[in-house]
There are 2 protein chains.
Amino acid sequence: MTGLQSRSGAGRRRASHSMESVLTEAVALLDEAGAPALTFRALAQRLGGGVASIYWYVASKEELLDRATDHVMGAVLSDVERLPGSDDPIDDLRAMAVTLFGAIVRRPWLGAYFMRNVDVQGNSLRLYEKLGRQTLRLNLTAHQRFHAVSAVVGVVVGSAVDMGQEPPQEILDGAATREEFLGRFAEAWRELDPEDFPFVHEIVDEFDGHDDVDQFRSALDLTLAGLRLQAGA
Amino acid sequence: MTGLQSRSGAGRRRASHSMESVLTEAVALLDEAGAPALTFRALAQRLGGGVASIYWYVASKEELLDRATDHVMGAVLSDVERLPGSDDPIDDLRAMAVTLFGAIVRRPWLGAYFMRNVDVQGNSLRLYEKLGRQTLRLNLTAHQRFHAVSAVVGVVVGSAVDMGQEPPQEILDGAATREEFLGRFAEAWRELDPEDFPFVHEIVDEFDGHDDVDQFRSALDLTLAGLRLQAGA
DNA sequence: CGTCGTACCGAACGTTGTTCTATCGTATCG
DNA sequence: CGATACGATAGAACAACGTTCGGTACGACG
């Protein structure tokens, strides 16, 4: 048993991937520790292969991110398609947006990447179509329909970005919960001069321990109420 | 004259910075070529100094970005404060949001960073306060006020993110204008099966050559209409 | 004059995305 | 059956990045 590489027994074995496994493991990395955790080296290690092999499946990190995003958007899309549907297009629009937002809550990294490329043939485009089809049931101009869907997507993105940002180190460490972190923010706000910051004082209790989903639903309801008004129904 | 460093005449001169100049040059880099252009090395070169010197002013790139953002948000804040103001709080809210969005149109990189840290003592917090103060003039609960401002900020962020993404290489090269790029998208959409994508076909003409500011204003008007409804006025 | 704190900087470190080049295994073909 | 082509894999190297380390210049102060 010298130090030379043994060529028999447990010798170096080649890894055998597939587009599917690459994407699945990429998503797993993103899910476990967010966007910074997805590196070619970490991914290669998980796949039991070399770094350069991944480049056989994707041409760049951007493409990897796009494909990984599209991968999970496929699941979101079928969730949306499984939605019952009602006689109120605006209620249906709301249900779809809530479903989409729920997926982003479960995968915060999605917020930064979904809808970046509403590329031809992507699941994002199909989702966009699904949303838009509800506006076809409303009494609107094409112009208004286009803007309505943009607005709904905008609300989702706007709320998602808030959530998508990496939590500070102390939360990842488990040294502090999210509530503690938000609470410390609230505390600092309470220290502010009430003369200079009347509004901040007004809402600091609401901010403290607030729920992201509530916040999103409220914003969504506002634009949907505006849309209902616009459709004159 | 040996190869030794000359210590007289045009010998190496030390650069003398200041927090102000660091932030100004950082913003200049961001303005000229977007977020990827802001590197410590590029910044040091512009300042005529060494890379490590920057660390005397900021502890990390994150802090550099935060301070640069806050720097320009100061200007945005005074723009907002210079706004005339009317007897309709919702109109005022709209004017503020439009001003904010305008600043992001001029500096697309802002979209990704502003409101990331509504830190204590930041200009973003002051802007948040300014927005919120308008809701104090409306007949709402504190809960509703908090969500109203979140919604308005969400609309701005949602539209800004759309714009904030780096344009593809060919536009930076000048090989294609933005209109051409969007037009090619529209063309691809027109190729889609109208049976499968009725909505995309409905709005493809709107998408082609659409204006980001229009899109934003429409989304904003929808949530403001919803808000007006909620305030019962 | 010596010391201390501020301001500064070159060089190096570790990590990242990416490319180059070489290899293995298997199907195909003369 | 051997040669060849191609799909698939991988180690090593590269450039660029954020960051750290050690040290230098210099005015202020005792």
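Below, chains carry the letters A, B, ... as their sequence lines are ordered, and counting in each starts from 1.
Nucleotides of DNA chain C nearest to B:R41 and B:S18 differ in position, and the one nearer the 5' end is that of B:S18.
Rounding to whole angstrom units, CD of residue A:Q45 and P of D:dG11 are separated by 12 Å. One interatomic measurement links the two molecules: CG of B:L64 to P of D:dT19, which rounds to 9 Å at whole-angstrom precision. In this structure, CG of A:L43 is placed 16 Å from C1' of C:dT15, rounded to the nearest angstrom. The distance between atom CE of A:M19 and atom C1' of D:dA8, rounded to the nearest whole Å, is 14 Å. In this structure, A:W56 atom CH2 and C:dG17 atom C1' are separated by 21 Å, rounded to whole Å. Atom CD1 of B:I54 is separated from atom C1' of D:dT19 by 12 Å (rounded to the nearest Å). One atom, CG of B:L65, and another, C1' of D:dG18, lie 13 Å apart when rounded to the nearest Å.
Judged by distance alone, the side chain of A:H210 and the main-chain N or O of A:F207 form a donor-acceptor pair under 3.5 Å.
Relative to the side chain of B:A52, the nucleotides C:dT16, D:dG7, C:dC9 differ in distance, and C:dC9 lies closest. Listed candidates were D:dG7, C:dG17, D:dG18. Nearest to the side chain of A:F40 is C:dG17. Closest to the A:Y57 side chain, of the nucleotides C:dG17, D:dT19, D:dT9, is D:dT9.
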Q | Worked check of salt bridge (charged side-chain N to carboxylate O under 4.0 Å, His left out) between B:E180 and B:R184 | A | CA-CA 6 Å; B:E180 284 168 354; B:R184 242 178 310 137; 5.9 Å; no
Q.
Test ring pair (Phe, Tyr, Trp, His ring centres under 6.0 Å) on B:W189 and B:F197; report intermediate values, then the result.
A. CA-CA 9 Å; B:W189 283 8; B:F197 293 90; 9.0 Å; no
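Residue A:Y55 places no side-chain N or O under 4.0 Å from the OP1 or OP2 atom of D:dA10. A close approach under 4.0 Å does not occur between any side-chain nitrogen or oxygen of A:S53 and OP1 or OP2 of D:dA8.
In this structure, B:R126 does not pair ionically with A:D196, as no charged nitrogen and carboxylate oxygen lie closer than 4.0 Å. Using a cut-off of 4.0 Å between Lys/Arg side-chain N and Asp/Glu carboxylate O, A:E32 and A:R46 are scored as salt-bridged.
Residue A:L38 is in sugar-phosphate contact alone, with no base atom involved, counting any heavy-atom pair closer than 4.0 Å across all strands shown.
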